[in-house]
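Lettering follows sequence order; numbering is per chain, from 1.
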Protein chains: 2
Amino acid sequence: MELREIEIFLTLAEELHFGRTAERLHVSVSRVSQSIRKQERAVGAPLFARTSRKVELTAVGEVLRTGLRPAYEGIGTAVAAARPRRDAWPAR
Amino acid sequence: MELREIEIFLTLAEELHFGRTAERLHVSVSRVSQSIRKQERAVGAPLFARTSRKVELTAVGEVLRTGLRPAYEGIGTAVAAARPRRDAWPAR
DNA sequence: AATGCTTACGGGTCACGTAATGATT
DNA sequence: AATCATTACGTGACCCGTAAGCATT
């Protein structure tokens with residue numbers, strides 16, 4: 001489970017639509033599908049219930065989203081906090 | 001910046017020794033070096049000061065570690081919380 | 001037939017190990 | 001010379017897109 005995949009999961013959890021998710025992240029729909037599938041295998045349960053006209057979070061997916069979102073954002077802010085205004089490489 | 005790399009960073013920040021870090025994570029020393037280098041490029045500043053006999057966190061590295069550790073652990077617990085006791089796949 | 005998700009397939013990229021190199025004590 | 005980190009280099013793995021397949025309306 002890598003950050004890029006978590007981003008895909010969280011975006012789909014928000015959009016509830018593979019096409020829009022793919023568009024927002026500038027990847028193919030196939031990629032979104034494969035990524036979700038992979039994460040479902042990793043977790044051991046479906047994260048979304050796909051009917052033909054609807055995509056919705058399962059109970060497990062909901063739990064995952066709730067726990068993951070703040071942690072994911074925490075990583076972003078941690079990196080942003082560390083990044084210096086201007087590159088700060090000492091002479092090497 | 002992917003989770004696997006963050007794990008390497010956090011482990012090195014704890015061990016302050018490339019060899020032990022590599023051993024703990026079951027990867028090569030080279031991998032640790034390459035990974036850290038990559039993250040330093042991403043952040044825009046050195047994360048560790050390596051002298052021949054010592055490895056220590058820079059100020060930037062310290063900030064990153066402080067922010068990253070709780071977020072990283074949060075991801076682990078989020079996944080653990082979601083994972084069902086027994087696989088719960090509906091009939092497909 | 002149109003819309004939306006999944007599966008098959010292939011190629012380009014890069015993760016990661018081995019080996020060689022450099023630096024310090 | 002021993003110890004520790006970096007760099008060079010090659011290969012296997014996997015990411016990810018295109019295209020075909022399925023299902024539903």
Quiz item: Are there more than 12 heavy atoms of other residues, nucleotides or ligands under 6.0 Å from atom CZ of A/Arg20?
Solution: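 Yes, the 6.0 Å shell around CZ holds more than 12 heavy atoms from other groups.
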
Quiz item: Around A/Glu23, counting heavy atoms of other residues, nucleotides and ligands shown, do more than 12 lie under 6.0 Å from its CD?
Solution: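 No - once you tally the heavy atoms of other residues, nucleotides and ligands closer than 6.0 Å, there are 12 at most.
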
Exercise. First locate atom NZ of B/Lys54, then atom NE2 of B/His17, and finally report the distance between them rounded to the nearest 0.5 Å.
Key: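 B/Lys54 NZ to B/His17 NE2: 13.0 Å, rounded to 0.5 Å.
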
Quiz item: Say you draw a straight line from CD1 of A/Ile75 to CD1 of B/Ile75; how long is it, rounded to the nearest 0.5 Å?
Solution: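 Taking CD1 in A/Ile75 and CD1 in B/Ile75, the distance rounds to 4.0 Å.
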
[X] [atom1] to [N] [atom2], straight-line distance once rounded to whole Å:
| X | N | atom1 | atom2 | value |
| --- | --- | --- | --- | --- |
| A/Leu12 | C/dT6 | CG | P | 9 Å |
| A/Leu25 | D/dG17 | CG | P | 11 Å |
| A/Gln39 | D/dC14 | CD | P | 16 Å |
| B/Arg31 | C/dC14 | CZ | P | 14 Å |
| A/Leu16 | C/dG4 | CG | C1' | 14 Å |
| A/Glu15 | C/dC5 | CD | P | 11 Å |
| B/Glu23 | D/dA5 | CD | C1' | 16 Å |
| A/Arg4 | C/dA15 | CZ | P | 13 Å |

Side chain of [X] only, heavy atoms from C-beta on: which candidate in [options] is closest?
| X | options | answer |
| --- | --- | --- |
| B/Arg53 | C/dT25, C/dC5, D/dG17 | C/dT25 |
| A/Phe18 | C/dC16, C/dC5, D/dG17 | C/dC5 |
| B/Ser30 | C/dT18, D/dT3, D/dG17 | C/dT18 |

With a non-hydrogen cut-off below 4.0 angstrom, is [X] in contact with a base, only sugar-phosphate, or nothing?
| X | value |
| --- | --- |
| B/Val32 | nothing |
| B/Lys54 | nothing |
| A/Val29 | base |

[N], OP1 or OP2 - any side-chain N/O from [X] closer than 4.0 Å?
| X | N | answer |
| --- | --- | --- |
| A/Arg50 | C/dG4 | no |
| A/Arg37 | C/dT7 | yes |
| A/Lys38 | D/dC14 | no |

Exercise. For B/His17 and for A/Glu5, locate the closest nucleotide of DNA chain D by heavy-atom distance; then report the residue assigned to the nucleotide nearer the 5' terminus.
Key: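 Result: B/His17.
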
Exercise. On DNA chain C, check which nucleotide each of A/Thr51 and A/Gln34 is closest to and give me the residue with the more 5' one.
Key: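 The residue whose closest nucleotide sits nearer the 5' end is A/Thr51.
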
Quiz item: Are the aromatic rings of A/Phe48 and A/Phe9 close, with centres under 6.0 Å apart?
Solution: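 They qualify: ring centres under 6.0 Å apart.
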
Quiz item: Side-chain donor or acceptor of A/Ser33 under 3.5 Å from a matching atom on the base of C/dT7?
Solution: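 Absent.
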
